[in-house]
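Computation of the quantities below employed the complete heavy-atom set of this structure, encompassing side-chain atoms and omitting hydrogens, waters and symmetry-equivalent molecules. Everything numeric here is computed off the predicted structure, so don't read it as measured data.
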Amino acid sequence: MNNITNLLPVTSSAAVRQRLKDGAEIALLDVREEGAFALAHPLFAVNVPFGRIEERIGALIPRKDAPVVVYDDGEGRTAQAIHLLQSLGYLNVTALEGGLEGWKLSGGEIFIDVNVPSKAFGELVEHVRHTPSLPAREVHERIERGDDLVILDARRFVEYNVMSIPGGRSVPGGELALRVRDIAPSPQTTVIVNCAGRTRSIIGTQSLVNVGIPNPVFALRNGTIGWTLEGLSLEHGAARKGGDVSEPNLKFSRARAIHLSERTGVRSVSASVLEHLLADPARSVYRLDVRSPEEYVQGHLAGFRSAPGGQLVQATDEWVAVRHGTIVLADDDGVRGRMTAHWLRQLGWDEVYVLEGWEGLPVETGLESPVLLRPLPDVATISPAQLHERAEGGDILVLDLATSPEFRRGHIPGARFVIRPDLVSRLAFFTVEDIVLVSPDGIAAHLAAQDLAGEKNRRVRVLKGGTQAWQAAGYALESGLDAGKVLSAPDDVYKRPYEGTDNASEAMQSYLDWEFGLVAQLEKDGTHGFRVLEEEIQATF
């Protein structure tokens, strides 16, 4: 630990664990890149890489005086992150004593991978509830025989579209209880729920068990990973989705969702109570719309972020950084919010509410706006047309601050991939005097431009509207992430063993083996507060 870090206020690992056990608000931030984070971190650490703090922190930590504890693993980013957070107005920010190594030495449990609380919870649900499942080979044989069954893919549509079980349709986890009775109206139809690995299929299947559908329902054991390891072929480019919901089935699903939410302690709130919660200075309040992204764009309540219910349960830490914060969910059907909330309560979130109605509240349309805590810096910009003209001359350096997967999918020809913490140091390799910073929508590039304010002998501009504007203007992108395009190690985003079509069998099997061991890790950690609902709902028809 260097002298600068020694001067920072610190919080011990024991104090962090005690707050977690006590149900008190706390945010534990890992400011390394996601690749390093995925190799080792505490259970409830939330990954916010230093170079992304200004983009993400306003939404992740809405209360400026919430307790925030920051750490790295000796990379030197803790002090930088604390000073940045303080400059953004956060009042209660400390360093984790000893960083990640200090956590280990204090006896804190270490977890790998990402979205671990939700994945560990899924394993606990299966352990406690004995969630029914079928192996891939048996499901394949049932399909081949032409059995009466439906296969519902609980992942996001974009994941389903890349690879799916043959004949399956996309019904993201938060939609299952709402739509299943219209998809499988006969109680004799077997319902099989799958994801890429285990968590979303377990939670999706148990949702249908909890809600009391009469059908036989099973998780596809180990998802598309298990299917692939059996040597079975996946479908690519599928676009089947769940259909509309009939009024009788909506009423049934709503009644069951109300019962489940009441059983788990979810509370409904009116608009006036929501205002009271937001005015409470001791609460970190998260307002989340659990409907589909398409519905969100068509119209949503002002101040609510898009957090489709299945994904919110699967990856709560991507929306909520303050453990034991207050979560308020909105839908327009009375089912999806309550189903999501009943899982969040079991995940140890004590303050979970569902908004009763939208009456009198302002509604917006369009995509979610970023939550920035100060205006974007006033920097020089360049239009896509101007950049296209200049780039052909070859006397300009284009630096792209997209994530590495975004860069790989498509970037401006000739651009170099770089993460923001490396921006200044990597410029030493170049003598070019004209630099253009780009990012998908231009926001990250605007924020990073201030880092180059000291480059007196260079002209620094930002591509107005980012890569999206470049593409909208009709200019081509190139793909790939080869060595000649890389100024930073592409470890900013962890490569999930369950995403994409090029994963090695050994990596997929290792991932499954790791998931199987999560329940034992939870017991050793002791901070989770999970409580699995053990009562089953007896359906009446």
Strictly below 4.0 Å, N to O, side chains only: are Glu25 and Arg283 in salt-bridge contact? no

Salt-bridged, Glu109 to Lys104, with N to O below 4.0 Å? no

Straight-line distance of Arg256 CZ to His342 NE2, nearest 0.5 Å: 13.0 Å

Checking Asp513 against Gln509: is there a side-chain donor and acceptor pair closer than 3.5 Å? yes

Do the side chain of Asn222 and the main chain of Ile225 share a donor and acceptor less than 3.5 angstrom apart? no

Do His300 and Phe304 have ring centres separated by under 6.0 Å? no

Considering only NZ, NE, NH1 and NH2 on the basic side and carboxylate oxygens on the acidic side, decide whether Asp65 and Arg63 come within less than 4.0 Å. yes

To the closest 0.5 Å, what do you measure between CD (Glu126) and NE2 (His130)? 9.5 Å

Short side-chain to backbone donor-acceptor contact, Glu33 and Asp491, under 3.5 Å: no

Donor-acceptor contact present, side-chain Gln206 to main-chain Ile203, <3.5 Å: no

Ignoring hydrogens, what is the shortest heavy-atom contact between Asp332 and Arg336? Give both atom names and the distance. OD1-NH2, 3.2 Å

Residue pair Pro117 / Phe44, side-chain heavy-atom distance below 4.5 Å: yes

Charged N to carboxylate O below 4.0 Å: is that the case for Asp289 and Arg305? no

Do you know the tightest heavy-atom contact between Glu97 and Ser13? O-OG, 4.4 Å

Donor-acceptor pair, distance only, cut-off 3.5 Å: does the side chain of Asp72 make one with the backbone of Thr78? yes

Could you check whether Arg496 pairs with Glu159 (Lys NZ or Arg NE/NH1/NH2 to Asp/Glu carboxylate O, under 4.0 Å)? no

Any side-chain heavy-atom pair of Thr340 and Val313 under 4.5 Å: yes

Walk me through it: do Leu361 and Leu355 pass the test side-chain contact (heavy atoms from CB on, under 4.5 Å)? CA-CA 11 Å; Leu361 295 173; Leu355 187 64; 3.8 Å; yes

For the pair His446 (side chain) and Gly442 (backbone), establish whether a donor and an acceptor sit closer than 3.5 Å, ignoring hydrogens and angles. yes

Quick check: does any side chain N or O of Ser201 sit under 3.5 Å from a backbone N or O of Asn194, one acting as donor and the other as acceptor? no

Check the pair Glu54, Gln450 against side-chain contact (heavy atoms from CB on, under 4.5 Å), reporting the backbone distance first and the verdict last. CA-CA 12 Å; Glu54 288 175 274; Gln450 59 194 329; 3.4 Å; yes

So, do Pro421 and Arg77 sit near enough that their side-chain heavy atoms are less than 4.5 Å apart? yes

For Asp422 and Ser488, which I'm curious about, is there any donor-acceptor pair between the side chains at under 3.5 Å? yes

Might you point out which heavy atoms bring Ile61 and Ala66 nearest each other, and give the distance in Å? CG2-CB, 4.2 Å

Between Arg420 and Leu447, is a side-chain contact (heavy atoms from CB on, under 4.5 Å) present by the stated rule, with each step listed? CA-CA 9 Å; Arg420 185 175 171 183; Leu447 293 169; 3.7 Å; yes

Whether the Ser12 and Arg17 side chains hold a donor-acceptor pair (N or O, under 3.5 Å, no angle test) is what I'd like checked. no

Geometric class of the Trp514/Tyr511 ring pair [parallel <30°, tilted 30-60°, perpendicular >60°]: tilted

Hey, mind stepping through Arg198 and Lys119 against side-chain contact (heavy atoms from CB on, under 4.5 Å) and telling me if it holds? CA-CA 8 Å; Arg198 293 175 54 81; Lys119 292 174 182 177; over 6 Å; no

Tell me, do Leu96 and Thr11 make a side-chain contact under 4.5 Å, heavy atoms counted? no

Tell me, with the steps shown, if Glu275 and Ser272 meet side chain to side chain donor-acceptor pair (under 3.5 Å). CA-CA 5 Å; Glu275 289 182 11; Ser272 61; over 6 Å; no

To the closest 0.5 Å, what do you measure between CZ (Phe121) and CZ (Arg531)? 9.5 Å

Establish, from distance only, whether the side-chain atoms of Ser292 and Glu295 form a donor-acceptor pair under 3.5 Å. yes

Checking Thr131 side chain against Ile202 main chain: does a donor-acceptor pair fall under 3.5 Å? no

Thr326 side chain to Trp349 side chain, donor-acceptor N/O pair below 3.5 angstrom: no

Where is the tightest heavy-atom contact between Trp103 and Ile110, given as atom of each residue plus distance? CD1-CD1, 3.7 Å

So Leu152 and Ile192, do their side chains get closer than 4.5 Å, heavy atoms only? no

Pairing donors with acceptors under 3.5 angstrom, does anything connect the side chains of Arg200 and Gln311? yes

Pairwise side-chain contact, Phe417 with Ile419, heavy-atom cut-off 4.5 Å (strictly under): yes

So, taking the atom named CZ in Arg129 and the one named OG1 in Thr205, what distance separates them when rounded to the nearest 0.5 Å? 12.0 Å

Any side-chain heavy atom of Leu250 within less than 4.5 Å of one from Asp333? yes

Check: Arg345 side chain, Glu351 main-chain N or O, donor-acceptor pair, under 3.5 Å: no

To the nearest 0.5 Å, atom OH of Tyr353 lies from atom OG of Ser261 at 13.5 Å

Indicate yes or no for a side-chain donor-acceptor contact from Tyr286 to the backbone of Leu60 under 3.5 Å, with no hydrogens or angles considered. yes

Looking only at heavy atoms, what is the nearest atom pair of Gly337 and Asp331, with distance? N-OD2, 2.6 Å

Donor-acceptor under 3.5 Å (Asp317 side chain, Val320 main chain): no

Between the OG atom in Ser133 and the CZ atom in Phe218, the distance rounded to the nearest 0.5 Å is 8.5 Å

Closest non-hydrogen atom pair, Ala444 against Ser439: N-OG, 3.4 Å

Pro172 vs Phe157 side-chain heavy atoms within contact, under 4.5 Å: no

